[in-house]
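Structure record follows, encoded as C-alpha cells.
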Amino acid sequence: GGQFWRDIKVYADHAFIVAESAGHGMQVLDLNRLRDLDAAAPVILDADARYTGFLRAHNIAINEDSGFAYAVGQRDDTEGCISSMHIIDIRDPKNPTFAGCFDADDYVHDAHCVIYDGPDTRFTGHEICVNSSPNPGTTGNTVVVADVTDKANPVMLANVPWPNSGFSHQGWLQDGHRYYLHTTESTSRTPQGVDIFDLADLTDPKHIGFFESPAQSTHHNLYQKNRYVYQSNYSSGLRIYDTRNVAAGQLSEVAYFDVYPPNDNTGFGFGTWSNYPWFSSGVVAVHGYQGLFLVKPRVGERN
C-alpha cells in the first residue's frame, strides 16, 4: 500500500527521497529547477533520476562530507542487502550507484554518519555511522557503531544496549564526535527521556546518563547545533536542551515551543516529528501534524 510521508535529505543541491510505499525506490530531484518555476501552484515535478537498488525504505541518511547515502530499514532490495543499511554513491547526484551493504546487524531505523575526527584516534578520517537498531527478539534495542570506510566490507565496531530501553529510534553524534544522544520512540517507556553515551572508545561505548524530559510525550528526532539540541517530541513540541554538562551525562531544558497545546500525552498522530535548526538566521523549522512552524528561539543568542 501507499504511505503519503517521505524522508528527504539534500546533497549537492539535489533532494534524495525515499518512502515505505511499494515500488518507490529513491527519487532524485535537482533543486535548482525550483528557481525557474513561474507557474501557479501546485506544480508537479518529475524526478531527474530514480534509483531502484531497493524499492522501499524507512529512512535515508546522507554524509555530505563523503557523498554517500545510507538507506535504512529498506526492503525489496535487488542487491540482496538485509533491512540494515544499503549504501549508495551519490557523488554524481543524477547517477546514483550501489556501493555496498552493512549487514552485520539486524534492522536499522536511523543513522548518523560522519568523517570521524574524535578522541579514538584509531579511526581518525574513517567514515563512521552510529545507528539506532530496534530488534526485539534478537539483539534487542541497541546502538550500533559501524566503520563504513570500505563500502564493500563495512565493520561493526560495537552493538550496545542501554537501561530501561524501548524502540531504538534515532540519535545524533555531537560535535567533537565523543558524545552521542539517543532517542527512544515509545508510548510506554517510563520515564521518557534522552540517553547519553560516551563514545571515547568506538568499540566500547558507555551509557553515562539519562535526561528525564520535563514533558513526558513520546520522543522523536533530535539534532545538535552549537551548544544546543533541538528535539521534536510529538504532542509536547520542540524542546531545546543545553549540552554544557553532557560530559557528566546531563542535559538541561532551556526552551520549548508547544505545537499541540491540548496535551503533552504519549501517543502518535499529534505534534512534531522533526525540525531543522541550521538556518543561519537562527530560525528553526518545525514539522508538525498540525502544520509547519517557523520559530526563532532566543537561546541561540547565547552561543
Side-chain angles (χ1 to χ4, degrees), residues 1-37 42-115 126-134 144 146-156 169-170 221 223 273-274 276 287:
Q3 278 97 11
F4 69 90
W5 61 267
R6 302 287 184 268
D7 191 77
I8 305 170
K9 299 297 191 309
V10 174
Y11 167 77
D13 293 338
H14 287 71
F16 297 82
I17 306 161
V18 301
E20 301 247 24
S21 298
H24 186 278
M26 180 181 75
Q27 297 174 336
V28 183
L29 179 67
D30 186 343
L31 296 174
N32 290 297
R33 293 167 57 193
L34 302 181
R35 296 173 174 167
D36 300 323
L37 294 180
V43 177
I44 297 175
L45 298 174
D46 292 327
D48 291 279
R50 179 169 170 261
Y51 176 80
T52 57
F54 59 87
L55 297 180
R56 293 189 287 168
H58 175 75
N59 206 342
I60 187 168
I62 289 179
N63 183 358
E64 294 184 59
D65 293 327
S66 69
F68 283 85
Y70 300 85
V72 296
Q74 91 292 347
R75 286 161 288 164
D76 302 338
D77 193 305
T78 63
E79 299 290 349
C81 301
I82 64 172
S83 294
S84 183
M85 185 177 280
H86 181 118
I87 309 171
I88 314 110
D89 185 341
I90 58 171
R91 288 174 291 183
D92 180 0
K94 292 185 178 68
N95 184 35
T97 57
F98 175 69
C101 309
F102 172 70
D103 54 11
D105 187 33
D106 293 332
Y107 177 81
V108 172
H109 194 74
D110 211 332
H112 186 198
C113 302
V114 301
I115 302 299
H126 288 221
E127 189 159 9
I128 299 294
C129 294
V130 188
N131 302 342
S132 298
S133 182
V144 172
D147 186 337
V148 296
T149 308
D150 180 355
K151 305 299 183 290
N153 186 34
V155 178
M156 183 159 66
H169 178 256
Q170 185 262 357
N221 287 14
Y223 310 98
W273 245 16
S274 195
Y276 185 88
H287 156 269

Review point. Taking only residues two or more places apart in sequence, or in another chain, which ones meet Lys151 in a side chain to side chain donor-acceptor pair (under 3.5 Å)?
Key: Glu127
Review point. Do the non-hydrogen side-chain atoms of Asn59 and Lys9 ever get within less than 4.5 Å of each other?
Key: yes
Review point. Taking only residues two or more places apart in sequence, or in another chain, which ones meet Ile8 in a side chain to side chain contact (heavy atoms under 4.5 Å, CB included)?
Key: Arg6, Ala15, Ile17
Practice item. Quick one: list whatever passes salt bridge (charged side-chain N to carboxylate O under 4.0 Å, His left out) with Asp92, sequence neighbours left out. Key: none
Exercise for review: Begin from the C-alpha positions of Phe68 and Asp89 and carry the test side-chain contact (heavy atoms from CB on, under 4.5 Å) through to its verdict.
Suggested key: CA-CA 5 Å; Phe68 283 85; Asp89 185 341; 3.6 Å; yes
**Study point:** Between CD1 on residue Ile90 and OH on residue Tyr70, distance to nearest 0.5 Å
**Key:** 9.5 Å
Exercise for review: For the residue pair Asp65 and Val114, establish whether any side-chain heavy-atom pair is separated by less than 4.5 Å.
Suggested key: no
Practice item. Check ring pair (Phe, Tyr, Trp, His ring centres under 6.0 Å) between His24 and all other residues, then give those that pass, not counting sequence neighbours. Key: none
**Study point:** Expected output: side-chain Asp7 to main-chain Ile60 donor-acceptor under 3.5 Å
**Key:** yes
Study note, to complete from the structure: So CD of Gln170 and OG of Ser274: to nearest 0.5 Å the spacing works out to 7.5 Å
**Study point:** Partners meeting side chain to side chain contact (heavy atoms under 4.5 Å, CB included) with Ile44 (sequence neighbours left out)
**Key:** none
Review point. Atom CD1 of Ile128 and atom NE2 of His112: how far apart are they, to the nearest 0.5 Å?
Key: 12.0 Å
Review point. Between Val148 and Asn63, is any pair of side-chain heavy atoms under 4.5 Å apart?
Key: no
Review point. Would a 4.5 Å heavy-atom cut-off, applied to side chains only, mark His58 and Val18 as touching?
Key: no
Point to revise | From Glu79 atom CD to Ile88 atom CD1, the distance as rounded to the nearest 0.5 Å | key: 10.0 Å
Check your understanding: Is there side-chain contact between Asn131 and Val72, with heavy atoms separated by less than 4.5 Å?
Key -> no
Point to revise | Any residue meeting side chain to side chain donor-acceptor pair (under 3.5 Å) with Ser83, in chain and number order, not counting sequence neighbours | key: none
Practice item. Could I get the full list of side chain to side chain contact (heavy atoms under 4.5 Å, CB included) partners for Thr52, not counting sequence neighbours? Key: Arg50, Leu55
Show which side-chain atoms of residues 93-105 pair as donor or acceptor with protein atoms under 3.5 Å away, not counting sequence neighbours.
residue: Lys94; atom: NZ; partner: His14; partner atom: NE2; Å: 2.8
residue: Lys94; atom: NZ; partner: Asp30; partner atom: OD2; Å: 2.9
residue: Asp105; atom: OD2; partner: Ser133; partner atom: OG; Å: 2.4

Practice item. Give the C-alpha distance, both sets of side-chain angles, the deciding distance and a yes or no for side-chain contact (heavy atoms from CB on, under 4.5 Å) between Leu34 and Val43. Key: CA-CA 10 Å; Leu34 302 181; Val43 177; over 6 Å; no
**Study point:** Check: Val108 and Val144 side chains under 4.5 Å, non-hydrogen atoms
**Key:** no
Check your understanding: Excluding sequence neighbours, so at least two apart, what forms side chain to side chain donor-acceptor pair (under 3.5 Å) with Asp77?
Key -> Gln74, His86
Review point. Mind checking what makes ring pair (Phe, Tyr, Trp, His ring centres under 6.0 Å) contact with Tyr223, not counting sequence neighbours?
Key: Trp172, Trp278
Check your understanding: Do Ser84 side-chain atoms and Tyr107 backbone N/O form a donor-acceptor pair below 3.5 Å?
Key -> no
Practice item. Name all residues meeting the salt bridge (charged side-chain N to carboxylate O under 4.0 Å, His left out) criterion together with Arg33; count only those two or more places apart in sequence or in a different chain, and write none if there are none. Key: Asp48
Check your understanding: What pairs with Asp106 under side chain to side chain donor-acceptor pair (under 3.5 Å), at least two apart in sequence or on another chain?
Key -> Thr138
Point to revise | Heavy-atom pair with the smallest gap, counting every atom of Ser21 and Arg56 | key: O-CG, 3.1 Å
Point to revise | Phe54 and Cys81, any side-chain heavy atoms less than 4.5 Å apart | key: no
